[in-house]
Undergrad: 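Dropping a structure here in structure tokens format, bear with me for questions.
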Amino acid sequence: MKQRFEKQHFEKVKGGLYGLLIGDALGVPYEFHAAEEIPSYGEIEMTPPSGFYRAHASVKAGTWSDDGAQALCLLDSLISCGAFCLNDFSDRLLAWHRDGMWAVDGVVFDIGIQTSEALTAYHAGMSPEECGMMRSDGKGNGALMRVLPLALWHSGTDAELVQDAHAQCLITHGNRCNQVCCALYCLAARFLLRGMHFENALKQAVKVLRDIYREMPEYAQELEWSVRPDMPWEGKGSGYVVDCLRSAFMIMERAVNYEDAVKQAILLGDDTDTTACVTGGLAGIVFDFDGIPERWYHTLRGKADVETLLQRTCFSFV
């Protein structure tokens, strides 16, 4: 029974990581388009229909963007250090920014303004804790899009997971709102990995986070006033971190499979790659790796490096 449980768990971990990367890659060509400009549900594929003006036109189909590359930097750092280390993670993000670490073909073709400014400052010698506060009111989704590997890897307590989810934001997106969104997302992913249905996992995540934040009143206020967990989960697919989180949760409440989840994310328009990445990571856990369409998995580029990273996670199954 133990081996069977571990195998099932690994399939969810693998599904989460590939779900994130494939959602990101699927959303890349549709980025920056309004919802009414997105092709129909049935036409959404790695290669958009003929005549569609695709974003990043020179990028080959199946290529993940900054979302996927930064997520892989995080997982690589966690495995290498055996714990979350802000300096090591920041070094890897800088290596991505400057040298293309974990970018497909080593090419960085998309980066947020806030992330670029923060990593430039880090390269100049600013501490990572300060870099993410250069825009103290910055509430983009640049930390949320990469955080899932923390939940996939983490074996500590819920409070320790929350602490690390906060910390990984600091190098680029230090605002407390970003930290709270990442913490809630990681807890939801943790409970999904344990086999809970999505709605129950999300309710449990909110409950646990409220308990943890009893001793952190400023964080509790951010959760209640900004994220608004008692309100219906609705979102518009924008780059605002709260809207991105709420969009993913809204979709996951009604998605019938992985393909449905990421296509719904892209149909929202706007920040399509990140909405599909954040949603796709959760959907990959819920529907497992086998639930991801083979045609998208085969189109995804850079898989050999991802497989090596998965092997390094030290999950052992026979």
Side-chain angles (χ1 to χ4, degrees), residues 20 23-25 27-34 37 53-59 63-74 86 89-104 106-148 165-182 185 222 226 235-248 265-266 268-278:
L20 177 160
D24 177 16
V28 163
Y30 305 98
E31 192 179 14
F32 310 129
H33 287 272
E37 299 171 341
Y53 184 77
R54 57 177 295 173
H56 312 291
S58 64
V59 175
T63 303
W64 61 73
S65 70
D66 54 335
D67 307 44
Q70 290 186 38
L72 294 172
C73 284
L74 177 57
L86 180 58
F89 176 50
S90 300
D91 287 345
R92 291 174 196 273
L93 289 186
L94 183 61
W96 161 74
H97 184 215
R98 296 179 61 82
D99 304 317
M101 173 182 268
W102 287 110
V104 179
V107 177
V108 177
F109 63 87
D110 192 14
I111 183 172
I113 295 173
Q114 183 171 342
T115 297
S116 180
E117 290 177 350
L119 293 178
T120 298
Y122 182 63
H123 180 64
M126 183 178 287
S127 73
E129 293 87 354
E130 295 177 293
C131 291
M133 291 302 290
M134 290 180 60
R135 294 193 177 201
S136 59
D137 60 346
K139 298 179 183 180
N141 54 17
L144 179 64
M145 70 187 190
R146 68 187 182 220
V147 74
L148 181 63
H166 290 172
Q168 72 86 32
C169 295
L170 299 180
I171 175 62
T172 58
H173 293 75
N175 186 280
R176 190 178 298 115
C177 182
N178 305 317
Q179 297 182 44
V180 171
C181 288
C182 287
Y185 182 81
E222 197 71 56
S226 295
K236 299 179 180 179
S238 75
Y240 170 42
V241 64
V242 173
D243 183 64
C244 182
L245 181 73
R246 293 181 63 83
S247 296
I266 291 168
L268 293 175
D270 199 355
D271 199 5
T272 52
D273 59 332
T274 301
T275 308
C277 168
V278 173

Undergrad: Can you measure from CG (Asn178) to CD (Gln114) and round to the nearest 0.5 angstrom?
TA: 7.0 Å
Undergrad: Would you say Leu268 and Lys236 make side-chain contact, with heavy atoms under 4.5 Å?
TA: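 Not touching, per the 4.5 Å side-chain cut-off.
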Undergrad: Could you go through the side-chain contact (heavy atoms from CB on, under 4.5 Å) check for Met145 and Leu20 one step at a time?
TA: CA-CA 9 Å; Met145 70 187 190; Leu20 177 160; over 6 Å; no
Undergrad: For Gln70 and Leu93, indicate whether the former's side chain and the latter's backbone hold a donor-acceptor pair under 3.5 Å.
TA: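 Looks like no, no N/O pair under 3.5 Å.
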Undergrad: If I take atom CH2 from residue Trp102 and atom CZ from residue Arg92, how far apart are they, to the nearest 0.5 angstrom?
TA: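 Here the interatomic distance stands at 9.5 Å.
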Undergrad: How about Ile111 and His97: do any of their side-chain heavy atoms sit closer than 4.5 Å?
TA: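 They are in side-chain contact.
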Undergrad: Working to the nearest 0.5 angstrom, can you tell me the gap between Thr275 OG1 and Asp243 CG?
TA: 7.5 Å
Undergrad: Name the one of Val28, Val59, Asp273, Leu72 that satisfies side chain to side chain contact (heavy atoms under 4.5 Å, CB included) with Trp64?
TA: Leu72
Undergrad: Looking at every heavy atom in both Ala25 and Pro29, which two are closest together, and how far apart are they?
TA: O-CD, 3.6 Å
Undergrad: Would you check if the side chain of Asp99 reaches a backbone N or O of Met101 as a donor-acceptor pair within less than 3.5 Å?
TA: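 Judged by distance alone, no pair lies under 3.5 Å.
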Undergrad: Do Thr172 and Arg146 have side-chain atoms, one donor and one acceptor, less than 3.5 Å apart?
TA: yes
Undergrad: Quick one: pull up NE2 in His166 and CZ in Arg176 and give me the separation to the nearest 0.5 Å.
TA: 9.5 Å
Undergrad: Taking all heavy atoms of Ala248 and all of Val278, pick out the closest pair and write down the distance.
TA: CB-CG1, 3.8 Å
Undergrad: Listed by chain and number, what are the ring-ring contact (aromatic ring centres under 6.0 Å, His included) partners of Tyr122, not counting sequence neighbours?
TA: none
Undergrad: Within the structure provided, determine whether Glu31 and Asp271 are in side-chain contact (heavy-atom separation under 4.5 Å).
TA: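 A side-chain contact exists here, since the closest heavy-atom pair is under 4.5 Å.
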Undergrad: Tell me the closest heavy-atom pair linking Ile171 and Cys131, and the distance in Å.
TA: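 The answer is O-CB, 3.3 Å.
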Undergrad: So how far is it from Thr272 OG1 to Phe32 CZ, rounded to the nearest 0.5 Å?
TA: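 Interatomic distance, Thr272 OG1 to Phe32 CZ, rounded to 0.5 Å: 8.0 Å.
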Undergrad: If you define the side chain from C-beta out and look only at heavy atoms, does anything of Leu170 sit under 4.5 Å from Leu86?
TA: yes
Undergrad: Okay, side chain of Gln179, backbone of Gly174: is any donor-acceptor separation there less than 3.5 Å?
TA: yes
Undergrad: Kindly write out the residues that satisfy ring-ring contact (aromatic ring centres under 6.0 Å, His included) with Tyr185, not counting sequence neighbours, or none if the list is empty.
TA: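 With neighbours one apart ignored, the set is empty.
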Undergrad: Which pair of non-hydrogen atoms, one from Val108 and one from Gly100, has the smallest distance, and what is that distance?
TA: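 Taking every non-hydrogen atom into account, CG2-CA, 3.9 Å.
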Undergrad: Are a donor atom and an acceptor atom from the side chains of Asp24 and Ser65 found within less than 3.5 Å of each other?
TA: yes
Undergrad: Checking Asn141 side chain against Tyr240 main chain: does a donor-acceptor pair fall under 3.5 Å?
TA: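 No: the side chain of Asn141 does not pair with the backbone of Tyr240.
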Undergrad: Would a 4.5 Å heavy-atom cut-off, applied to side chains only, mark Thr274 and Cys244 as touching?
TA: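 A side-chain contact exists here, since the closest heavy-atom pair is under 4.5 Å.
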Undergrad: For residues Val241 and Cys181, report the shortest heavy-atom separation together with the two atoms involved.
TA: CG2-CB, 3.8 Å
Undergrad: Find out whether Leu245 and Leu144 are in side-chain contact, i.e. whether some heavy atom of one side chain is under 4.5 Å from a heavy atom of the other.
TA: yes
Undergrad: Has the side chain of Asp67 got a donor or acceptor atom that lies under 3.5 Å from a matching backbone atom of Ala276?
TA: no
Undergrad: Where do Ser247 and Gly237 come nearest, in terms of heavy atoms and distance?
TA: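 Nearest pair, atom of Ser247 first, then Gly237: OG-N, 3.0 Å.
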